[in-house]
2 protein chains.
Amino acid sequence: MSSAEAAGVPEGTSSTGRPPSDGSARDRIRDAAVLRFARSGFGASVRTIAADAGVSPALVIHHFGSKDALHRACDDFVLRWIMGSKRQNMGKATNGQLLQVMAEIDEYAPLLGYSVRSLQAGGEVARAFVQHMIDDAQVYTREAVADGIAKPSVDEDARVRYLVLSALGTMLLSLTLDPPEDPEDFRAAVSNFMADQYLPMIELFTQGFLTSRRMLDDYLLYVGDPPGASPGQSDADHEHVPETTSEEP
Amino acid sequence: MSSAEAAGVPEGTSSTGRPPSDGSARDRIRDAAVLRFARSGFGASVRTIAADAGVSPALVIHHFGSKDALHRACDDFVLRWIMGSKRQNMGKATNGQLLQVMAEIDEYAPLLGYSVRSLQAGGEVARAFVQHMIDDAQVYTREAVADGIAKPSVDEDARVRYLVLSALGTMLLSLTLDPPEDPEDFRAAVSNFMADQYLPMIELFTQGFLTSRRMLDDYLLYVGDPPGASPGQSDADHEHVPETTSEEP
DNA sequence: CAACACACTAAACGCTTGTTCAGCCTGGCC
DNA sequence: GGCCAGGCTGAACAAGCGTTTAGTGTGTTG
């Protein structure tokens, strides 16, 4: 939590004090907008944001041109913030798999709410956010497979994409179904979610769900080898239980 | 204008015929609202819905009282429809696991868009929708475990909840990131999604992701037994021993 | 027939929205 | 000093929203 928003400056506008160095009002508006969008969604009104920032609605438009442009500016800001934070955290914890991504999210805290709203709304930030996570996870997963921590996949790219979409989507749906009373506290909600879902998730990641390979083998036989496949992976044929499961299309 | 009344009155009455049992205009408004909400989200205006139904905005309010009440009526209608369809499909395919849930969704087609919007927006329908899916999956999973198709879990309830949240959430996020150009066609989008994600999903379900049980065992050791697995329940505590012949060292 | 009920509508009301406009205030430059 | 640039504002505007109101037409009922 940065809590850098502690700029006092309540309405005691003695001589309209504003630091002359750089447009602090513009930044204050942007910060207020990010916070308000996170709290109330992107339907939040310009007037509300202006009130949060302690300025007039007209000034918001004066500085950003329109509400849409303000939204885009917030997207830019958050995206830049995330990318910086990512690069900073990239070094540590190369042991991580996908779970690591979730743990990292907990560190993204201040702008987590904004990201969640963006994911709910779709659009450019959401796509970029997910894509960056996928890129990260690709590195982690490759290393995990090389280190023998993770099993190889028939199609690594598809698996990484699925795992990221799954981890994010599950959390997103959970947050949507039971949103935190205080919209400020996405962080606590994420922690709760992790506490609830960690066991089944890691259980699935450890032992899988099905007892037989039949479904997978049938599918592989049906579609042929997918693009990324190198068929030499004899690593994974240890589990041939010739079980006659019930019928399946 | 006013060609609306000439268009599409299923009952043979030529002029403003309305059966005394149930008003057809009311139904037409509800149907138009469901479609419009699915197409444009719940922010769609009463005026738009009225135009779609070929009536005046005032009539919408006259019949439903308010836009919120109309929304609730649509929720009721869709929920009832889903529950009926569920009951109808419940008989077949008891072999299904969670994948079955996804396949079923493809059959929910007409109201799929509405459900997706509801899941995106959260609220009562979304919760009910998910809960019903969980209830279904609980039955399926129990049977699959009993039949030896699915592996047992340390906490079956938590697993089912996670699997449903994961399956739905993944699809929801995918649909949000790349929404279909024609909002009518959520069905095709779901099919595409399934085509893309089936392999990694079934691979994960078959072989898991991690090579060692260590993370799971560490977690179980750390938290002790989860709430669902009381020691008296002899049914499910055969899984505590670290047997897992399917895992490589 | 008159009288009522009710589906239905055009028009307007009140409100909120994003945005614009004219002008105030102040700091810096001549 | 004068004067301009620009951050900043209160007031207003147009558009859209959900909803209300007053009223029209029509089928049913006494």
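Lettering of chains follows the sequences in order, A, B, ..., and the numbering in each one begins at 1.
- Atom CG of D27(B) and atom P of dA7(C) are 13 Å apart (whole Å).
- Taking the charged nitrogens against the carboxylate oxygens, R72(A) and D68(A) do have a contact shorter than 4.0 Å, which makes a salt bridge.
- A donor atom on one side chain and an acceptor atom on the other are found under 3.5 Å apart for Y114(B) and D75(B).
- With rounding to whole Å, L59(B) atom CG is found 14 Å from dT20(D) atom C1'.
- Residues Q120(B) and T176(B) have side chains that bring a donor and an acceptor to within less than 3.5 angstrom of each other.
- One end of the helix from dC1(C)-dG30(D) to dC30(C)-dG1(D) points its axis 30° away from the other end's axis, with each axis taken from 5 pairs and the angle rounded to 10°.
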Nucleotide by nucleotide, 5' to 3', does protein get under 4.0 Å of the base (B), only the sugar-phosphate (S), or neither (-) in nucleotides 12-22 of chain C, counting heavy atoms? B----BBBBB-
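- Look at NE2 on H63(A): it is 14 Å from C1' on dA5(D), rounded to the nearest Å.
- Distance CZ (F64(B)) to P (dG18(D)): 15 Å, rounded to an integer number of Å.
- A salt bridge links D27(A) with R30(A): at least one charged nitrogen is closer than 4.0 Å to a carboxylate oxygen.
- At a threshold of 4.5 Å between non-hydrogen side-chain atoms, the residues L177(B) and L165(A) count as touching.
- Rounded to whole Å, atom C1' of dG16(D) lies 15 Å from atom CD1 of I49(B).
- A salt bridge is absent between E124(B) and R127(B); no separation between the charged side-chain nitrogens and carboxylate oxygens falls under 4.0 Å.
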So F37(B) and S118(B), side chain to side chain contact (heavy atoms under 4.5 Å, CB included) or not? Walk me through it. CA-CA 9 Å; F37(B) 282 149; S118(B) 294; over 6 Å; no
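- Among all heavy-atom pairs drawn from D178(B) and R161(A), the shortest one is OD2-NH2, 4.0 Å.
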